[in-house]
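A short write-up of the structure that comes next.
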Amino acid sequence: MRVSVSNKTLNSIKTDLLVVPLTKEEFKLKASKKGKKKKSQDGGSTFSALGARLKGALREKLEHIGFKAEAAETSLFTFPGESRWSAILLVGWAGDLESRTFERCAKYRKLGALIVDAAKKHNLKKVALLAGMLELENSEALNALLEGLSLGGYEFTKYKSKVDRKFLGISEFALMSNGKISTRTVSLTTRVCEATMLARDLVNTPPRDCTPRVLVQVARDVAKKGKLEFKLYEKEALRKMGANALLAVAQGSSEPPFLIRMAYAPKKPTKTIAVVGKGVTFDSGGLSIKTGSGMETMKMDMAGAAAVIGVMQVISAIRPEVEVRGYIPTVENMISGAATRPGDVVKALNGKTIEILNTDAEGRLILADALSLAVREKPDVIIDLATLTGACVVALGSDYAGLFTSDDDLAEDLTEAGDLSGERLWRMPLAAEYKELIKSSVADIRNIGGQWGGAITAALFLQEFVAKTPWAHIDLAGPAFSDSDKGHVRKGGVGFGVRTVVRYILGGLEGLQ
Ligand code: BES
Ligand code: ZN
Ligand code: ZN
């Protein structure tokens, strides 16, 4: 999608779809001031800019169908005889400023998604937006609008033998505005959306085609293109270094396990951030086997890994003054005669022994070794992303990820980054009281807690492997995969985490400005 700023007038612009945001107040104006000329409050840049004749004709039609210009209400009109545009999309717009970050940005992201939805439905490739009443000089708003436009147009059609009409997204997007639009925001947003869609593709790919080996290949390609350090720990190396928790999960599968390390290392980094992503390419539960329906979406159990690959791709393009290391433990959790048994004990990379009582609590096992490796290399902060527990979905539903950290500043920064990105994080307690629940009678710890508080006991388990390093755990089991289309979120893999973590990393710098 090529984004341009155009100060052309309505008479000189040529486009397929002209988008006109319209506030309720502006739409109502005529009713009270019939015939009289009322001074437009928006400098004549929106509905009024359409000119009296077109405006009059449209208003009549809109009133006829009962259009009220409620927020996000849309109506599309085609103009067969018109050469300047094929269609006009009127979108109700709530003009007042939202004070809360999430709501403020969500409004723009939703507008973007509505626009791309209309473009897709009517196969319109060139879009122009009358942006006079929007606040696109604000890079938060611009970023959110472009994210809606780009991510809302995502489709995963690779496995369809027939596609009616493949929508390739909006090709040209013209912002009709006299304001100053940040080109840096436009290019950063484009990159971040590309990476989010890469993560979506990986999550959506069937598990037979997205094996640990394939994740390695994708990570390697990203590293090569982005000139990143790339190191691969294969089975033998993992055995030598003592990554036995990771190996235990993989031992029932015929697919070999890996631990991937990617890094972007500038000469004089201001700080070092490690990002760790759970990469279980399929979670059958192992011998503690899941139900049939419980397995249906378990190709998504590598969504954390996909997000880390996405983050590394963006960071390699932006090349900030921060060192960023990505760690991806990747395995397939399967059953066979060689599978790990409930009751088995393994020694993790940091020397702690784990009693594996439930082979379906495998994410924490592979993360235990990956976190231990990350800690060993002394970063300033560690963030892990994992589709870790069903309990987190029970607690927070499908829109919120659980955020666990004992560092208040980190919690605040990540939550703010999430709100700006439209990815909600909700802080959960790292309740020391529950540490009792993961004590084992035969080993140092066990890999499951009691009946309740499963998201918390999982986080407490991970905490055993981060030593004193400032650390945050994001449980994205809920929002990683969507069961329906919701604006910029499309059914299937969401690519959750890429945008929040990139924003967090850039936060100390100039952000997305
Ligand atoms: N991958 C699952 C968690 C999950 C559930 C992700 C639903 C996405 C949607 C994880 O490995 C798992 O199976 N966790 C168990 C832990 C339990 C055995 C302690 C769970 O949540 O049931
Ligand atoms: Zn599991
Ligand atoms: Zn899992």
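Atoms within a ligand are numbered from 1 in the order they appear, just like the ligands themselves. Source: prediction; values computed, not measured. In this chain, residues are counted from 1 in sequence order.
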If you count heavy atoms of other groups shown closer than 6.0 angstrom to NZ of Lys235, is the number above 12? no
For Phe167, I'd like to know if atom CZ has over 12 heavy atoms of other residues, nucleotides or ligands within 6.0 Å.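 Check passes, neighbour count above 12.
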Could you tell me whether Asp301 and ligand 1 have an N or O pair separated by under 3.5 Å?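 For ligand 1, there is an N or O atom that lies under 3.5 Å from one belonging to Asp301.
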Quick check: Asp360 and ligand 1, any N/O pair under 3.5 Å apart?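 Yes, Asp360 has an N/O under 3.5 Å of an N/O on ligand 1.
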Residue, atom name and distance, where the atom is the protein heavy atom closest to [atom]:
atom	value
atom 16 (C) of ligand 1	Arg364 NH2, 3.7 Å
atom 9 (C) of ligand 1	Met298 CE, 3.6 Å
atom 2 (C) of ligand 1	Asp283 OD2, 3.6 Å
atom 19 (C) of ligand 1	Ile448 CG2, 3.4 Å

Salt-bridge criterion met for [X] and [Y] (N-O under 4.0 Å):
X	Y	value
Asp483	Lys491	no
Lys299	Asp209	no
Lys231	Glu229	no
Asp301	Lys278	yes

Under 4.0 Å from one or more heavy atoms of Glu362, ligand 1 contributes atoms 11 (O)
What are the atoms of ligand 1, with element, lying closer than 4.0 Å to any heavy atom of Met300? 8 (C), 9 (C)
Classify the contact between [X] and ligand 1 as side chain, backbone, both or neither, using a heavy-atom distance cut-off of under 4.0 Å.
X	result
Met302	neither
Asn358	side chain
Lys278	side chain
Asn333	neither

Do the non-hydrogen side-chain atoms of [X] and [Y] ever get within less than 4.5 Å of each other?
X	Y	value
Phe465	Leu349	no
Ile273	Pro379	no
Ser284	Ile335	yes

Closer than 2.8 Å to the Zn ion (ligand 3), what protein N/O/S atoms do you find?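 Short answer, with waters excluded from the count: Lys278 NZ, Asp283 OD2, Asp301 OD2, Glu362 OE2.
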My understanding is that we take every heavy atom of each candidate and find the minimum distance to atom 20 (C) of ligand 1. Doing that for Gly454, Gly390, Ala477, which one comes out nearest?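 Checking each option, the heavy atom nearest atom 20 (C) of ligand 1 is found in Gly390.
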Counting heavy atoms only, which of Thr389, Leu388, Thr359 is nearest atom 10 (C) of ligand 1?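 Result: the heavy atom closest to atom 10 (C) of ligand 1 is in Leu388.
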Return yes when Met295 approaches ligand 1 closer than 4.0 angstrom through a heavy atom, no otherwise.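 The answer is no, since Met295 has no heavy atom less than 4.0 Å from ligand 1.
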Answer with yes or no whether the side chains of Asn143 and Thr189 bring together a donor and an acceptor at under 3.5 Å.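 The answer is yes; a qualifying pair exists.
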List the atom of Asn350, the atom of Glu464, and the distance in Å for their closest heavy-atom pair.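 Shortest heavy-atom contact: ND2-O, 3.4 Å.
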Gly402 and Met428: which non-hydrogen atoms are nearest, and at how many Å?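 Minimum heavy-atom separation between Gly402 and Met428: CA-CG, 4.1 Å.
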With a distance cut-off below 6.0 Å to the six-membered ring centre and an angular limit of 45° from the axis, does Arg200 pair with Phe156 as a cation-pi contact?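 No cation-pi geometry.
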